[in-house]
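Step one of this worksheet: look at the structure below.
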Amino acid sequence: MRVAVFSTKPYDRQFLSAANKAFGHELVFFEPRLTRETCRLAEGFPAVCVFVNDELDAYVLLCLAKNGTKLVALRCAGFNNVDLRAAEELELTVTRVPAYSPQAVAEHTVALILALGRKLHKAYNRVREGNFALDGLLGFDLHRQTVGIIGTGKIGVCVAQALRGFGCRLLGYDPHPNSELEKLGLRYVPLPELFAESDIISLHCPLVPETWHLINEEAIAQMKRGVMIINTSRGALIDTRAAIRALKSGKIGAMGLDVYEEEADLFYENLSDQVIQDDTFARMLTFPNVIVTAHQAFFTRGAMEAIAQETLANISAFERGQQPPGLITTAWLRPATTTTS
Ligand code: NAD
């Protein structure tokens, strides 16, 4: 099948081309993101392959459908960037890769917790400059910390299992509790209780209307002073301006972000010779107790191989007229059944 691959980086080309030897699709790689301005590049392609910051609103989907596209194959798990209702109306099939490596994201989450807890980002720079003093590097034991996990799906489970190994006390919040985690010792509690009792809060729920700015002024007010917040899920789960105010006052003691609500204009590009125009993001980077990574939690060799394999398998199934394993339907838009990543 002819596939227009958007947001292509060298590593996408490498892993997709290698996996495609077993599938034989005609992959045409485009560097730009799919947006209203670039959607005409897909003219005549029955399938497009997209990533987390491609824009699949009703306008772009209409443009794709008019130009002959039938399949939108996401090479990621989350699908918050797709207007699923518009896709359904236009009879566009949408697929994703639901579980390529939840461990990859979970391990990055734990890496952020450990790096912030032991101030590794500061220690690394200090030692390289010949400064071997320890002042300001005092950390805390992760053992016996209370960690609140919001969203205990595939990634949340892996995070819980890893943190259990560190001897953490685990709290969870999820509309669909997982009894296996309860056996592991995680206690499901209402959100206000999770906010009030957690030393560390880690976000692993999808971005849907009811989780937009879940961590806002009101939520932060209920938290312990000095709380650590980790977000490896989706940027808009956090009201960034409210978080900045709380970092300035000390209410939030540390923050680890792999995602940011306005990341589409920043992440995945080398902007090192430019002035960052987003003042909110630039302010976030100034805090000594904040670590930001550019949406890389998924980025391991194993995960990239699995993403390529599963994406191409979805395309092949669609081409054969079968139901792709990663099919997304609008039924998932109902809050009680939402599943994403
Ligand atoms: P999943 O679907 O397996 O789990 C999501 C869980 O969130 C489910 O258990 C669901 O019941 C729960 N949930 C739904 N609504 C909720 C709410 N209002 N409050 C609390 N919990 C709620 O998804 P996953 O594979 O574990 O992925 C989780 C998130 O991680 C995804 O939404 C995705 O955006 C993000 N992700 C990030 C990266 C990265 O590189 N940073 C990579 C993959 C996924």
Side-chain angles (χ1 to χ4, degrees), residues 7 9 11-12 51-54 74-82 84 96-112 148-162 171-182 186 188-195 198 201-216 219 230-238 256-261 263-264 267-268 291-304 306-307 310-311 326 328-329 331-341:
S7 297
K9 299 292 177 200
Y11 43 83
D12 294 307
F51 196 46
V52 291
N53 289 325
D54 289 300
L74 282 87
R75 53 182 191 277
C76 55
F79 50 86
N80 51 288
N81 52 338
V82 187
L84 287 184
R96 65 171 187 146
V97 185
Y100 45 88
S101 174
Q103 291 82 3
V105 183
E107 287 166 16
H108 193 81
T109 303
V110 176
L112 287 172
I149 300 175
I150 300 179
T152 55
K154 291 176 286 297
I155 295 169
V157 164
C158 295
V159 170
Q161 286 167 339
L171 301 179
Y173 174 77
D174 193 308
H176 302 282
N178 175 341
S179 57
E180 290 304 309
L181 278 186
E182 288 178 299
L186 178 142
Y188 283 100
V189 293
L191 265 186
E193 192 176 334
L194 184 147
F195 289 150
S198 300
I201 295 173
S202 195
L203 305 178
H204 302 289
C205 56
L207 175 62
V208 287
E210 47 299 356
T211 58
W212 183 81
H213 283 191
L214 180 76
I215 305 300
N216 56 15
I230 305 291
N231 187 7
T232 59
S233 188
R234 283 295 182 266
L237 295 177
I238 296 181
L257 303 176
D258 186 51
V259 286
Y260 168 58
E261 49 185 329
E263 69 179 48
F267 288 4
Y268 302 131
I291 296 180
V292 181
T293 53
H295 207 145
Q296 69 168 79
F298 71 97
F299 197 50
T300 65
R301 180 172 298 281
M304 289 299 286
I307 288 171
E310 299 303 317
T311 302
I328 308 176
T329 75
W332 295 6
L333 295 176
R334 287 194 293 276
T337 54
T338 299
T339 318
T340 81
S341 115

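Both backbone and side-chain heavy atoms feed into the values below; hydrogens, waters and symmetry mates do not. Every number for a ligand or one of its atoms is a count from 1 in the order of the listing.
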Counting from 1, what ligand 1 atoms have a heavy atom of [X] closer than 4.0 Å?
X	answer
Thr152	9 (O)
Asp258	39 (C), 40 (O), 41 (N)
Phe298	40 (O)
Arg234	33 (C), 34 (O), 35 (C), 36 (N), 37 (C)

Is any side-chain heavy atom of [X] closer than 4.5 Å to a side-chain heavy atom of [Y]?
X	Y	answer
Ser7	Arg75	yes
Asp258	Phe299	no
Cys205	Leu214	yes
Val110	Glu107	no
Leu237	Ile215	no
Ile150	Thr211	no

Test your reading of the model: is there a side-chain donor-acceptor pair from Ser101 to the backbone of Ala104, 3.5 Å cut-off?
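Yes.
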Please check this pair: side chain of Tyr268 against backbone of Glu263, looking for a donor-acceptor N/O pair closer than 3.5 Å.
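Not confirmed, Tyr268 side chain does not pair with Glu263 backbone.
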Between ligand 1 and [X], is the shortest N or O to N or O distance under 3.5 Å?
X	result
Thr232	yes
Lys154	yes
Ile155	yes

Look up atom CG in Asp174 and atom OG1 in Thr152, then write down how far apart they are to the nearest 0.5 Å.
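Interatomic distance, Asp174 CG to Thr152 OG1, rounded to 0.5 Å: 3.5 Å.
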Does even one non-hydrogen atom of [X] get within less than 4.0 Å of ligand 1?
X	value
Glu210	no
Tyr100	yes
Pro175	yes
Ser233	yes

Tell me which one of [options] gets a heavy atom nearest to [atom].
atom	options	answer
atom 14 (C) of ligand 1	Ser101, Gly151, Pro206	Pro206
atom 6 (C) of ligand 1	Gly153, Ala297, Pro209	Gly153
atom 17 (C) of ligand 1	Val159, Thr211, Leu237	Thr211

Please enumerate all residues that pass ring pair (Phe, Tyr, Trp, His ring centres under 6.0 Å) together with Phe298, with sequence neighbours excluded.
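Here the qualifying residues are Phe51.
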Identify, with sequence neighbours excluded, every residue that meets ring pair (Phe, Tyr, Trp, His ring centres under 6.0 Å) alongside Tyr260.
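In terms of ring pair (Phe, Tyr, Trp, His ring centres under 6.0 Å), with neighbours along the sequence ignored, Tyr260 is linked to Phe281.
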Any idea which part of [X] is under 4.0 Å from ligand 1, heavy-atom wise: side chain, backbone, both or neither?
X	answer
Val105	side chain
His204	backbone
Phe299	neither

